[in-house]
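Small disclaimer: the values here were computed from a predicted structure and weren't measured.
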Amino acid sequence: PSVIIKKLFMQGKIVTVNQEIDYETAEEIAMEFDVLCEKEVVVDVIEELLKEDEEDEADMVKRPPVVCVMGHVDHGKTSLLDAIRHSNVIDREAGGITQHIGASVVEVDGEKITFLDTPGHEAFTAMRMRGASSTDIAILVVAADDGVMPQTVEAINHAKAAGIEIIVAINKIDKPSANVERVKQELTEYELIPEDWGGSTIFVPVSAHTKEGIKELLEMVLLTAEVMELKANPNRAARGLVIEAQLDKGKGSVATVLVQKGTLHVGDAIAAGSAHGKVRAMMDDKGRRVKEAGPSQPVEILGLNDVPNAGEVFVGCETEKAARNFAETFIAQNKAKLLEETKSKMSLDDLFTQ
Ligand code: GDP
Ligand code: MG
């Protein structure tokens, strides 16, 4: 009441707490408050929905590391990722890579590693904003004949800001102009110091062309993951991130998600940002139909009613109704944010036209 009284007072109307006001005045005030309430309350609600209790250590089980490949353009990120995928025995048995879902699982000595295609900056930023980093380990690719370049530094800064472990792959060592020592020297400036120089960063010289060093690189990823003690509880509602999503004419909304905790099953109700639905079908990175996906597993899912943005969090819900509520809250929150942005923009414009 005091806020309403104050507002009316500012408009030159003196009212008491018991007084009736006319419909128009009430509406005018209500409109203003509607926006304010939506913004303040709804933003809290969605953050609240995403908040979680600390998990019991006893429920935690080892999970595969999630790895991305970063580095300057033309230093060999795509080639290296291809070489890694083809080094995979499972792939060869299945007759090569059948499908591209923006993520893939590689098996080395019976251990799994999940590779995400170098995330676009946008998705990367969105994931970080939600405080849920998608990646555990970054392989920083530096061409041995080119050395540290602007995007190398950018990648280092990104990884450090997100608290991601860095492993350096010095690529193109098959080239006569390759200079591994020079790359090591240059990276010391960014606090990436090789172990044999008294530092703690792992450097692996590789060639995506001859495949030299690839096996060792993968072993170093597993070793790093071991030290990091990556764990998750598989026995709970699934939760993770949207890696990419698009609309398919035949299949509808197709989303690649990375499960981070819990297990996602066909038939589960889920919400992902503004989208919700029931998982109708799931495909792994080899294009095989699967019934469930556990921690660190990327899967393509069908059944969402809309296309969520890359980087959004997805949550498994108890019921379809809960999933719809989540998505509707998310949409309302974004609308409120947009309104608030328009409002502040409008007042700025007002300022300039005066
Ligand atoms: P990206 O931009 O980082 O994804 O780099 P690409 O994988 O597209 O590679 C850029 C160029 O470097 C291509 O012409 C590749 O054939 C070449 N390249 C990549 N890896 C190697 C390597 O190990 N040795 C040599 N000699 N060339 C490589
Ligand atoms: Mg590339």
Side-chain angles (χ1 to χ4, degrees), residues 65-85 87 102-104 106 113-129 133-221 223-225 227-228 243 310-311:
V66 179
V67 181
C68 74
V69 179
M70 304 174 89
H72 195 71
V73 65
D74 282 345
H75 279 197
K77 297 179 294 292
T78 305
S79 307
L80 190 64
L81 210 42
D82 281 350
I84 288 168
R85 284 184 184 135
S87 73
S104 47
V106 170
I113 304 172
T114 298
F115 280 91
L116 299 182
D117 290 357
T118 307
H121 283 297
E122 236 171 87
F124 206 65
T125 314
M127 289 180 198
R128 267 178 50 202
M129 259 163 47
S133 188
S134 56
T135 320
D136 303 305
I137 300 168
I139 294 180
L140 180 70
V141 182
V142 188
D145 61 339
D146 208 19
V148 172
M149 298 301 273
Q151 284 167 288
T152 314
V153 178
E154 213 175 289
I156 295 169
N157 291 338
H158 257 307
K160 281 193 174 168
I164 300 170
E165 207 67 40
I166 298 174
I167 294 178
V168 181
I170 305 178
N171 191 30
K172 309 197 189 185
I173 54 164
D174 58 288
K175 282 194 155 185
S177 54
N179 189 341
V180 172
E181 293 307 301
R182 191 188 63 149
V183 175
K184 285 185 176 175
Q185 185 60 52
E186 285 175 354
L187 282 173
T188 58
E189 257 187 66
Y190 303 92
E191 286 150 37
L192 296 175
I193 300 157
E195 285 175 311
D196 49 333
W197 291 9
S200 60
T201 306
I202 297 172
F203 282 69
V204 187
V206 300
S207 166
H209 277 191
T210 68
K211 314 280 191 281
E212 194 183 337
I214 303 284
K215 180 103 205 300
E216 203 199 340
L217 177 63
L218 296 176
E219 280 164 2
M220 288 303 146
V221 168
L223 187 76
T224 304
V227 175
M228 290 171 87
I243 302 301

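- A salt bridge links K184 with D196: at least one charged nitrogen is closer than 4.0 Å to a carboxylate oxygen.
- No side-chain heavy atom of M220 sits less than 4.5 Å from a side-chain heavy atom of F203.
- Between the CD1 atom of I166 and the CG atom of L140 there is a distance of 6.0 Å, given to the nearest 0.5 Å.
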Please step through side-chain contact (heavy atoms from CB on, under 4.5 Å) for the pair I173 and E212, ending with a clear verdict. CA-CA 8 Å; I173 54 164; E212 194 183 337; 3.8 Å; yes
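- Formation of a donor-acceptor pair under 3.5 Å by the H75 side chain with backbone atoms of V142 is not found in this model.
- Interatomic distance, CD of E191 versus OG1 of T188, reported as 10.0 Å (0.5 Å rounding).
- A side chain to side chain contact (heavy atoms under 4.5 Å, CB included) with V141 holds for exactly one of L80, T152, V206; it is L80.
- The main-chain N or O of G71 is never found under 3.5 Å from a side-chain atom of Q151 such that the two would form a donor-acceptor pair.
- A distance of 11.0 Å separates NZ of K77 from SG of C68, quoted to the nearest 0.5 Å.
- Side-chain contact annotation: H72 with D146, donor-acceptor N/O pair under 3.5 Å absent.
- Residues P205 and V180 approach most closely at CB-CG2, 4.5 Å, considering heavy atoms.
- Here the shortest heavy-atom pairing between Y190 and K160 reads O-NZ, 2.7 Å.
- D82 is listed as a side-chain neighbour of R85, based on a closest heavy-atom distance under 4.5 Å.
- How far CG of L217 is from CD1 of I113: 8.0 Å, rounded to the nearest 0.5 Å.
- A pairwise comparison of heavy atoms in V106 and I84 identifies CG2-CG2, 3.9 Å as the closest pair.
- A heavy-atom distance below 4.5 Å is not found between the side chains of L116 and V67.
- Atoms CD1 and OG, from I243 and S134 in turn, are 6.0 Å apart once rounded to the nearest 0.5 Å.
- Side-chain contact between N179 and E181 is present, with at least one heavy-atom pair separated by less than 4.5 Å.
- The two residues G213 and V204 make their nearest non-hydrogen contact at O-CG1, 3.8 Å.
- Nearest heavy atoms, I167 versus V221: CD1-CA, 3.8 Å.
- At least one side-chain heavy atom of V168 sits under 4.5 Å from a side-chain heavy atom of L187.
- The two residues A83 and I214 have their closest heavy-atom pair at CB-CD1, 4.0 Å.
- Rounding to the nearest 0.5 Å places CZ of F115 at 11.5 Å from OG1 of T135.
- In this structure, the side chains of D136 and M228 come closer than 4.5 Å at one or more pairs of heavy atoms.
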